[in-house]
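Okay, structure first, notes after.
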Amino acid sequence: EQDMHGSLYARALASIAIDNPELAIDEALLIPDRMQRQTALGWVGIALGRNDPRRAVEMLERVGDRRESEQMAQTVAQNWLQTDPDAAIEWLLGLDETKSQQLLMVAGQMLPQTDPEAAMRWLPRLDEPTASAWRLGIASSLAMQRSAAEAERFIARFEETADYPHLQI
């Protein structure tokens, strides 16, 4: 019953977050149970990531715990990628290198499946090993969603890269 109560409270905080993210985050941070607190912050991150991702980014600083802040940032990024991938990637590229690389790896798993063109547009701006992971994700997505021939044409563009042998379908 406590799990159900915690889940309902987390969802209520997500609703509150749309109009008052500060209150929602502050309330979530008061939850003593770490798992329930992370669940609540996750729901708040989903709501903000979908409805007001720029505000969500501003709110990340309110979450004092580094791990909880990183998890919320990942949730925000995943939801922002679904609504405005270009703005989300621009934000990710502006983060410090460690955070950026971690979140860009997550984005590289997700974006090629939902918007391969956006992933291809951003690929030239990525450093290794992130770019390599994105190339693999894009190639796999093209092969599964479109055709092996289209994936092979994409892969052929990277003949000079070190990961080329791993891209072969």
Side-chain angles (χ1 to χ4, degrees), residues 1-138 141 145:
E1 183 168 311
Q2 188 175 4
D3 283 348
M4 189 172 95
H5 174 72
S7 178
L8 291 173
Y9 188 62
R11 290 177 187 205
L13 289 177
S15 294
I16 292 169
I18 294 168
D19 294 320
N20 192 340
E22 295 89 351
L23 175 64
I25 290 172
D26 291 348
E27 287 295 319
L29 291 172
L30 293 175
I31 299 171
D33 181 81
R34 184 173 185 82
M35 292 293 288
Q36 289 182 358
R37 184 173 55 250
Q38 289 175 343
T39 298
L41 288 170
W43 278 100
V44 169
I46 289 169
L48 288 174
R50 288 183 182 161
N51 294 291
D52 194 352
R54 285 174 175 46
R55 187 114 184 253
V57 169
E58 295 169 10
M59 295 296 106
L60 289 173
E61 293 178 11
R62 291 185 87 82
V63 182
D65 183 273
R66 183 186 56 82
R67 195 156 82 223
E68 289 176 351
S69 177
E70 287 172 357
Q71 286 176 333
M72 190 170 168
Q74 182 172 331
T75 301
V76 168
Q78 288 171 328
N79 285 278
W80 197 357
L81 282 165
Q82 293 174 24
T83 59
D84 188 352
D86 291 327
I89 300 295
E90 193 69 54
W91 168 60
L92 293 175
L93 289 171
L95 295 173
D96 74 67
E97 191 174 335
T98 303
K99 279 185 191 173
S100 178
Q101 189 169 12
Q102 290 171 338
L103 291 172
L104 282 167
M105 287 296 217
V106 171
Q109 295 168 0
M110 188 179 149
L111 190 59
Q113 294 173 22
T114 59
D115 192 346
E117 283 76 21
M120 285 187 254
R121 268 195 320 273
W122 285 99
L123 188 57
R125 300 240 344 244
L126 303 176
D127 295 327
E128 297 299 339
T130 306
S132 177
W134 277 51
R135 284 190 291 270
L136 183 58
I138 293 167
S141 177
Q145 293 179 11

Look only at the side chain of [X] and the backbone of [Y], and say whether a donor-acceptor pair between them is shorter than 3.5 Å.
{"X": "W91", "Y": "R54", "answer": "no"}
{"X": "S141", "Y": "P112", "answer": "yes"}
{"X": "N51", "Y": "A47", "answer": "yes"}
{"X": "R50", "Y": "N79", "answer": "no"}
{"X": "S100", "Y": "L92", "answer": "yes"}
{"X": "E128", "Y": "S132", "answer": "yes"}
{"X": "Q113", "Y": "Q109", "answer": "yes"}

I need the minimum non-hydrogen distance between [X] and [Y], along with the two atoms involved.
{"X": "L126", "Y": "A131", "answer": "O-CB, 3.8 Å"}
{"X": "A40", "Y": "L13", "answer": "CB-CD1, 4.0 Å"}
{"X": "G49", "Y": "T83", "answer": "O-OG1, 4.2 Å"}
{"X": "A24", "Y": "V44", "answer": "CB-CG2, 4.0 Å"}
{"X": "L104", "Y": "W134", "answer": "O-NE1, 2.8 Å"}

Determine, stepwise, if the pair Q71 / R66 fulfils side-chain contact (heavy atoms from CB on, under 4.5 Å).
-> CA-CA 9 Å; Q71 286 176 333; R66 183 186 56 82; over 6 Å; no
Does any part of the side chain of [Y], heavy atoms only, come nearer than 4.5 Å to the side chain of [X], both counted from C-beta?
{"X": "M72", "Y": "L48", "result": "yes"}
{"X": "L41", "Y": "V63", "result": "yes"}
{"X": "E58", "Y": "P21", "result": "no"}
{"X": "L93", "Y": "I89", "result": "yes"}

Rounded to the nearest 0.5 Å, how far does [atom2] of [Y] lie from [atom1] of [X]?
{"X": "E117", "Y": "I138", "atom1": "CD", "atom2": "CD1", "value": "9.5 Å"}
{"X": "W80", "Y": "D52", "atom1": "CH2", "atom2": "CG", "value": "9.0 Å"}
{"X": "K99", "Y": "L103", "atom1": "NZ", "atom2": "CG", "value": "8.5 Å"}
{"X": "N20", "Y": "D26", "atom1": "CG", "atom2": "CG", "value": "8.5 Å"}
{"X": "D115", "Y": "W122", "atom1": "CG", "atom2": "CH2", "value": "12.0 Å"}

[X] and [Y] ion-paired at < 4.0 Å:
{"X": "E27", "Y": "R37", "value": "no"}
{"X": "R121", "Y": "D86", "value": "yes"}
{"X": "R62", "Y": "E68", "value": "no"}

Do Y9 and Q36 get their side chains close enough for a donor-acceptor pair, meaning under 3.5 Å?
->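 No - no donor-acceptor pair under 3.5 Å links their side chains.
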Sequence neighbours left out, what passes salt bridge (Lys or Arg N to Asp or Glu O under 4.0 Å) with D84? Give chain and number order.
->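 D84: no salt bridge (Lys or Arg N to Asp or Glu O under 4.0 Å) contacts found.
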Start with the C-alpha distance between M110 and Q82, add both sets of side-chain angles, then the distance that settles side-chain contact (heavy atoms from CB on, under 4.5 Å), and finish with yes or no.
-> CA-CA 9 Å; M110 188 179 149; Q82 293 174 24; 3.4 Å; yes
